[in-house]
Peer 1: 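Before I ask anything, here is the structure I am working with.
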Amino acid sequence: MDSITQFLGRFHILILHLPIGILMLVAISMLLIKIQRTKFANHLKPTLPFLLFSGTISAVFASVLGYLLSLNGGYTESALDLHFWSAIVLSIIAALATFLSYKKKNIFHKFSHVLAVLLLILLTLTGHAGGNLTHGDTYLFEHGPDFVKKAVGMELELAPPKSLDEAQFYGHIIKPILRTSCVSCHSKSKREGDLDMSTYASLMKGGTKLAIQPNDITTSEIYKRITLPHDNKKFMPTEGKKPLSDEQIKLMAIWINSGAQQETTVTELNLSTEEHILLEKATHFSTHKVLISENIDVTPLTNNGFYVNILPSGYGLDITHYPKVGNKLNKDILESLLPFKNQIVWLKLSRNKIDNRVIPILAEFTELKKLSIDGTEITDITALKNLTNLEFLNIYNTPITNENQLISIKDNNPKLTHIVK
Amino acid sequence: MNPIEENYANMTRRSFFSKTALGIGGLALGSLLNPSLLNAATKNSATTGSGIPNNTLPHFVPKAKRVIHLFQNGAPSHVELFDYKPKLRTWHGKQTPSELMNGKKFSTMSSQNNTPILGSIADFSQHGKNGTWISDFMPHTAAIADELCIIKSMHTDHVNHAPAITFFLTGSNLPGRPSTGSWLSYGLGKMTDNLPAFVVLTSLDKQANCGQLFYDYYWGSGFLPSKYQGVKFRGAADPLLYLKDPNGMSREMRRKFLNGVEELNQMNLKDYGDPEIQTRIAQYEMAYQMQVSVPELTDFSDEPQHVLDMYGPNVMKKGSFAYNCLMSRRLIERGTRFVQLMHAGWDQHTNLNTQLKKQCEDTDQPSAALVKDLKQRGLLDDTLVVWGGEFGRTPFLQGNIQDKAHWGRDHHPYAFTTWMAGAGVKPGISYGQTDEFGFNVVENPVHVHDFQATLMHLMGIDHEKFTFKHQGRRFRLTDVHGHVIKDILS
């Protein structure tokens with residue numbers, strides 16, 4: 001029996017499109033007739049009773065199947081109710097319209113616009129409620145433009161922060177954690193413990209208990225639940241879902257203890273270095289400035305024999321020239337890098353036959369963090385003291401012997417901590 | 001018959017219509033579905049050719065740009081080399097506690113009823129700033145203790161060599177999955193046109209008595225296009241065969257000839273769209289480049305004597321581990337991304353007392369020299385070196401305790417040691433612990449999939465996102481497992 005209801009119930013998803021299509025068509029026809037009174041409208045008139053009849057039958061049929069489907073559970077009561085009742089009202093109105101169109105033509109034509117509008121409203125309502133049931137209530141507008149989302153009261157998605165310091169603690173750090181680990185059971189439509197964590201407002205509203213008590217982790221129900229022993233019945237997430245990591249738990253604590261505000265940024269919290277490191281580890285947000293766009297065209301460089309690696313999140317370009325027999329790196333080829341001088345962060349020219357003539361060019365790459373000129377014939381690198389972002393410099397196996405050069409570069413470049421010579 | 005003609009001849013009216021109908025339908029369907037949903041790495045697959053970068057990989061800024069994997073085929077004994085267990089000596093000859101043995105699976109080559117503990121035949125001493133215990137069999141490795149991140153809590157699922165090696169290198173015990181090196185060259189492309197992105201070098205122990213084979217699928221590309229498989233250099237004489245042009249063939253003529261062949265292949269590719277034709281085109285081109293690059297690569301005469309000396313007495317002997325270590329440094333300097341160096345001879349079932357020491361003598365100095373050499377050149381900064389085998393060896397004896405000459409240890413998947421050095425891993429640390437017998441992992445276990453996930457992470461790749469769709473399923477190196485070992489990342 002169960003499997004028969006289940007089998008039939010699933011046909012709901014198929015059949016439901018019939019009443020939507022048919023009734024939509026009748027409703028529009030009824031309105032057209034009302035507005036136009038043209039010849040065309042006159043052609044439509046005789047079709048109405050039959051169309052209304054078919055629409056009603058299919059609506060009833062879809063409702064019965066829908067009821068069977070709902071028997072198998074898996075849907076939250078509150079979300080189901082709206083769909084259920086609006087479908088029933090829709091069927092009744094459709095039946096009434098059918099009856100009038102056959103038996104009381106006068107009344108029907110007098111009120112056809114009212115009926116049509118009613119049908120359209122009910123169709124939309126039923127359809128939307130049904131869609132929300134299967135896809136969740138954020139499905140439709142998830143990718144909508146901001147003004148649409150605002151209009152329907154959805155929380156706006158934040159653009160990824162330019163750097164960790166600009167990240168909003170709730171929007172960029174806490175919300176993604178809740179979304180991956182908790183919202184599957186604590187959403188608007190599936191509110192276990194009456195708790196909906198899908199937006200800031202609903203999270204702060206709490207469930208049967210207060211979920212978040214700003215500045216106090218001990219009375220925040222959420223914090224209690226995620227720090228219980230894993231085998232405790234009240235531990236969250238339940239059902240053996242992956243627990244939050246130690247880092248994520250610490251982040252929750254930092255956020256709650258700092259007031260659990262929605263829009264405070266990481267800088268505004270004045271975190272300790274330790275907490276900052278934790279944040280860097282637990283998030284993928286870059287702590288660097290963005291140097292490149294994802295669509296940068298580097299073919300001029302690859303055509304010149306450079307290996308180009310576009311580092312992710314705008315970090316910059318990583319460029320290497322491997323020495324090849326019969327393909328020498330010279331000043332001209334190196335100059336082809338200049339248009340990219342504000343993007344290149346790692347540059348490796350190891351073992352190429354280049355000498356001091358390239359140094360003025362290299363000195364222009366002020367964003368460089370790593371530079372390898374080992375195995376070249378360069379003897380004088382004094383001009384490289386312009387490269388104030390340099391962290392790594394490799395001059396192994398070069399004729400550079402003058403220690404003073406290195407000392408002056410180091411004095412100028414406080415970030416330069418790693419020199420290979 | 002020419003296969004193209006054959007193809008035409010076999011095409012009847014019916015097959016023509018059914019093919020075209022299906023084909024057009026398929027094309028339409030294919031364009032409807034968003035290809036990026038199907039495959040995380042489509043964007044950067046075949047076209048990466050000359051190192052033209054892609055915008056999906058790496059996922060994050062990589063710590064390591066290259067890997068040298070010194071794979072110790074046959075399974076080095078962790079309790080003789082890195083996992084110091086004095087208790088083994090005090091328990092020498094006593095039966096292994098049954099609670100350790102119960103429910104465990106071994107290779108069946110040793111008796112399950114008589115398993116006396118075998119004290120470590122090697123002495124240990126402390127090295128480096130953190131006083132790391134390392135075997136006296138490995139003095140050179142001990143001397144670089146401050147560079148090493150020693151993972152003592154490795155464990156695996158497989159108890160015999162080929163499955164366990166395949167598991168370590170490809171993520172599955174059954175042959176046919178892409179090896180780590182293939183995944184990386186597929187995902188990240190190659191850095192140079194004149195050498196393969198993924199090279200394999202093999203060497204055997206001196207007596208070559210270990211009976212271990214190197215199967216091609218240890219570096220195979222599985223379901224990835226075969227141009228991503230490892231290119232194996234031969235151990236003896238010429239590393240690659242037929243690199244020289246025959247008499248009378250000039251380099252220009254070779255070029256013209258290859259251009260002609262490529263045109264033909266391109267036509268075929270258009271007709272059939274078989275990615276293996278692309279592989280063929282790429283390989284002809286690579287071979288042409290390697291005619292020039294390989295002689296230069298293998299000419300060690302530009303290495304100063306003090307560097308050669310670091311690698312020890314066998315460095316000039318082709319096919320030795322030392323030669324291969326120096327070769328791997330030269331390869332990565334020239335743009336190879338992944339070198340998989342495989343050395344056999346660690347499988348001491350019956351000759352622990354004689355063979356282990358020799359094995360260490362062959363490998364200890366070159367491995368350490370490689371790390372030091374990379375470091376002095378500034379290459380260790382973005383090159384990851386990995387040393388280890390497919391599993392460990394039993395803390396108990398295989399053989400007869402009276403017959404010291406034939407003492408041995410059996411395969412042991414429950415605990416073993418692997419070390420890493422270089423890019424992105426913390427230097428000078430030990431991670432994880434085994435129990436007092438070196439039998440089971442008791443702290444911070446690192447499964448083979450965890451290791452693979454970590455290696456991918458260091459190369460800037462999220463192992464969960466890097467997939468290839470094959471036979472209706474998205475595959476990844478770590479299957480559905482693996483956690484990055486964050487604690488060892490620097």
Side-chain angles (χ1 to χ4, degrees), chain A residues 242 245-247 281-288 292-299 301-327 345-346 348 350-351 369-375 391-397 418-421, chain B residues 43-44 47-62 65-66 188-195 197 251 289-297 299 302 304 307 330-337 373-382 459-462 483-484 486-487 489:
Chain A
K242 197 172 155 201
S245 70
D246 291 350
E247 280 142 16
K281 265 195 172 167
T283 61
H284 283 311
F285 301 129
S286 42
T287 43
H288 57 76
I292 51 170
S293 78
E294 273 185 17
N295 306 319
I296 188 167
D297 178 18
V298 293
T299 31
L301 301 183
T302 45
N303 289 343
N304 264 335
F306 289 102
Y307 165 68
V308 183
N309 185 16
I310 300 178
L311 297 168
S313 356
Y315 191 84
L317 295 176
D318 162 24
I319 307 259
T320 309
H321 193 279
Y322 291 101
K324 281 192 211 178
V325 185
N327 175 5
V345 285
W346 299 350
K348 185 168 160 69
S350 311
R351 301 171 48 253
K369 294 193 173 105
K370 294 188 191 179
L371 176 63
S372 296
I373 46 171
D374 51 303
E391 295 163 6
F392 173 91
L393 176 64
N394 188 350
I395 53 166
Y396 174 80
N397 199 17
H418 194 143
I419 297 182
V420 183
K421 52 183 179 182
Chain B
K43 271 202 214 153
N44 52 278
T47 52
T48 322
S50 55
I52 295 171
N54 54 77
N55 27 20
T56 49
L57 288 180
H59 296 120
F60 25 83
V61 180
K65 287 164 70 175
R66 320 167 198 89
L188 300 171
K190 55 185 189 206
M191 300 198 277
T192 176
D193 282 335
N194 33 352
L195 285 171
R251 195 143 169 83
Q289 299 289 343
M290 282 164 69
Q291 289 189 305
V292 178
S293 61
V294 168
E296 192 269 340
L297 166 76
D299 178 8
D302 59 348
V307 170
R330 291 175 67 89
L331 277 163
I332 60 140
E333 276 180 325
R334 284 160 180 75
T336 291
R337 193 186 290 283
D373 199 10
L374 292 174
K375 177 156 175 142
Q376 73 177 358
R377 282 161 205 273
L379 284 166
L380 200 57
D381 210 59
D382 50 11
M459 296 295 281
I461 295 175
D462 179 342
H483 298 285
V484 175
K486 292 238 169 87
D487 292 344
L489 304 179

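Throughout, protein chains are lettered first and strands after them, A, B, ... in sequence-line order, and every chain is numbered starting at 1.
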Peer 1: Chain A heavy atoms under 4.5 Å from E333(B): which part of the residue, side chain, backbone, both or neither?
Peer 2: both
Peer 1: Looking at side-chain heavy atoms only, is the closest gap between L393(A) and V420(A) below 4.5 Å?
Peer 2: no
Peer 1: Heavy-atom cut-off 4.5 Å, strictly under: side chain, backbone, both or neither for S372(A) against chain B?
Peer 2: neither
Peer 1: Given a strict heavy-atom distance threshold of 4.5 Å, which part of K375(B) is in contact with chain A: side chain, backbone, both, or neither?
Peer 2: backbone
Peer 1: Under 3.5 Å, is there a donor-acceptor pair between the side chain of R334(B) and the main chain of V294(B)?
Peer 2: no
Peer 1: What's the separation between atom CD1 in I395(A) and atom OG in S350(A), rounded to the nearest 0.5 Å?
Peer 2: 12.0 Å
Peer 1: Please look at N397(A) and chain B and tell me whether the side chain, the backbone, both or neither of the residue comes under 4.5 angstrom of a heavy atom of that chain.
Peer 2: neither
Peer 1: What option among T320(A), I419(A), D318(A) has the most heavy-atom pairs under 4.5 Å with chain B?
Peer 2: D318(A)
Peer 1: For the CD atom of Q376(B) and the CG atom of N394(A), what is their distance to the nearest 0.5 Å?
Peer 2: 10.5 Å
Peer 1: Within the supplied structure, the quantity of interest is the number of heavy atoms (other residues, nucleotides, ligands) at a distance under 6.0 Å from D302(B) CG; does it exceed 12?
Peer 2: yes
